[in-house]
Amino acid sequence: MAASLTERDKKVVWHPYTPQKYMPEPIPVAKGDGVYIIDTNGKAYIDAISSWWVTIHGHANTYIAEKIYEQAKTLEQVIFAGFTHEPAVRLAERLLEILPGKFAKIFYSDNGSTAVEVGVKMALQYWWNKGSAKRNKILALNHSYHGDTFGTMSLSERSVFTLAFQEKLFEVIFIDPPGQGQQYNGPWDEIACFIYEPLLQGAGGMNIYEAAALNDFLKQCHAHEVICIADEVMTGFGRTGKLFAGMYVQEKPDIICLSKGLTGGTMALGVTACTEKIHSAFVDEDRRKTFFHGHSFTANPLACAAALASLDLLLQAGCQLRIERIEKHHKQFLEQLRADARFVSHIKNLRSIGTIMAFEIESGRDGYLNTIGMDVTQKVLQQGVYLRPLGNTVYIMPPYCITHEQLQKVYDVLVQVLETVV
Ligand SMILES: *Cc1c(COP(=O)(O)O)cnc(C)c1O
């Protein structure tokens with residue numbers, strides 16, 4: 001008999017964030033369809049975390065697929081130094097119209113980590129170009145997550161993710177999220193930039209913090225000329241209820257980083273936007289002041305076409321209504337959980353923002369290595385729902401196209417499974 005896909009996989013593939021011992025076998029996927037991931041046996045699972053937070057319009061969306069196909073027949077890729085093309089320019093124009101802030105230029109890369117790397121390199125080189133190279137310290141938040149490359153690991157909370165690389169990471173000043181503890185009070189004149197995930201810290205444990213406190217801190221940063229870098233890789237494109245989390249905050253960033261939902265979760269693309277103030281520091285006769293950064297697939301036309309198509313869908317009134325409906329249902333579900341006597345002493349920190357709801361299961365210690373999340377994953381999968389808690393932090397982050405019935409199924413299955421694990 002021919003080897004199964006999982007057997008062949010096991011021989012040759014190494015999966016991300018996956019212990020190489022005692023892990024359940026990966027599910028062989030045949031196709032995606034809307035909110036469903038469908039395996040090779042035809043079993044369908046509701047993708048209740050949008051495939052690591054990227055799939056905002058559901059899987060195998062035909063509108064986006066056709067735009068990618070059209071683009072692939074026209075121009076699939078071209079070097080982006082010295083050349084340009086319609087999808088990249090059009091996407092930059094459209095993003096600049098909707099981004100939360102007065103941005104002037106779009107710099108393309110190909111994932112969330114690179115979008116953040118680009119943002120921080122821009123900020124550091126901004127000061128170098130201005131002859132203030134000593135202004136080179138970076139402020140970041142406790143519980144932050146900005147990616148898995150060395151630069152972005154350095155910017156992320158020191159955790160089990162970064163343990164093996166501790167000594168190779170550059171120094172960053174970590175402070176508590178605004179409104180949640182100790183604030184930074186200086187010295188300011190050595191701080192080049194402050195990087196933050198606005199309102200919602202994702203991989204660090206779905207920590208929600210106050211817009212007003214963030215606003216105050218951004219004002220303080222700007223008063224001291226600190227460059228503010230918003231990492232909206234996960235919060236962008238409707239996740240927090242508004243188009244961008246930065247829209248809840250009056251004070252605007254100087255640099256913003258985007259990826260994940262940018263292409264509707266279909267193609268790898270990263271965007272870093274900056275204000276004219278930042279860009280102008282790179283306009284100089286001295287060629288050493290060039291931003292020497294780029295990737296092979298910078299502004300890949302297929303990815304830009306996918307992003308344009310995703311924006312078409314996202315900006316339809318119907319999509320905003322669906323986002324608001326998810327938000328409302330999450331709130332009702334949280335109320336139901338809070339009132340449920342079976343769970344009062346077993347789950348805590350029930351919270352939601354936009355299309356995301358989360359809570360912790362009380363079970364031993366908090367954190368990513370808590371294995372209760374893996375139990376939850378296996379049990380909900382059996383009932384046709386996919387969830388992937390971060391340690392003991394359970395969260396739901398569905399594609400916006402999820403129907404009321406499908407979302408209700410996710411809630412019902414989660415409640416049933418909670419009964420068995422708490
Ligand atoms: C996922 C994520 C990143 C990294 O994006 P990748 O595409 O996985 O490299 C960066 N910042 C935030 C806030 C993220 O959620």
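Whatever order the structure lists ligands and atoms in, that order sets their numbers, starting from 1. FYI, the numbering just counts along the sequence from 1.
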**Request:** Would you mind running through ligand 1 and noting each atom that sits below 4.0 Å from a heavy atom of Met234?
**Result:** 15 (O)
**Message:** Checking the side chain of Arg158 only, and the main-chain atoms of Gln166 only, is there a donor and an acceptor separated by less than 3.5 Å?
**Reply:** no
**Fill in**
Quick note on ligand 1: atoms under 4.0 Å from a heavy atom of Glu197 include exactly 13 (C)
**Item:** Top protein contact for atom 10 (C) of ligand 1, by heavy-atom distance
**Value:** His146 O, 3.2 Å
**Asked** Any N or O on Trp53 sitting closer than 3.5 Å to an N or O of ligand 1?
**Response** no
**Request:** Output all residues satisfying ring pair (Phe, Tyr, Trp, His ring centres under 6.0 Å) with Trp188, sequence neighbours left out; order by chain, then residue number.
**Result:** Tyr184, His224
**Asked** Going by the atom numbers of ligand 1, which of them fall below 4.0 Å from some non-hydrogen atom of Gly112?
**Response** 4 (C), 5 (O), 6 (P), 7 (O), 9 (O)
**Options Ser113, Gly270, Ser109, ranked by nearest heavy atom to atom 4 (C) of ligand 1, top entry** = Ser113
**Prompt:** Can you say whether the rings of Phe291 and His293 are parallel (under 30°), tilted (30 to 60°) or perpendicular (over 60°)?
**Reply:** parallel
**Message:** If we only consider heavy atoms of Lys260, is any one of them less than 4.0 Å away from an atom in ligand 1?
**Reply:** yes
**Message:** Check the orientation of His57 and Tyr400. Use parallel for under 30°, tilted for 30 to 60°, and perpendicular for over 60°.
**Reply:** perpendicular
**Item:** Sidechain-backbone polar pair: Lys260 side chain, Ile56 backbone, donor-acceptor under 3.5 Å
**Value:** no
**Message:** Taking the side chain as everything from C-beta on, heavy atoms only, tell me whether Ile396 gets closer than 4.5 Å to Ile356.
**Reply:** no
**Request:** Using a distance threshold of 4.0 Å (strictly less than), state whether atom 8 (O) of ligand 1 has a protein heavy-atom neighbour.
**Result:** no
**Message:** Tell me the protein heavy atom at minimum distance from atom 12 (C) of ligand 1, and give that distance in Å.
**Reply:** Asp231 OD2, 3.4 Å
**Close side-chain approach of Ile175 to Gln183, heavy-atom, < 4.5 Å** = no
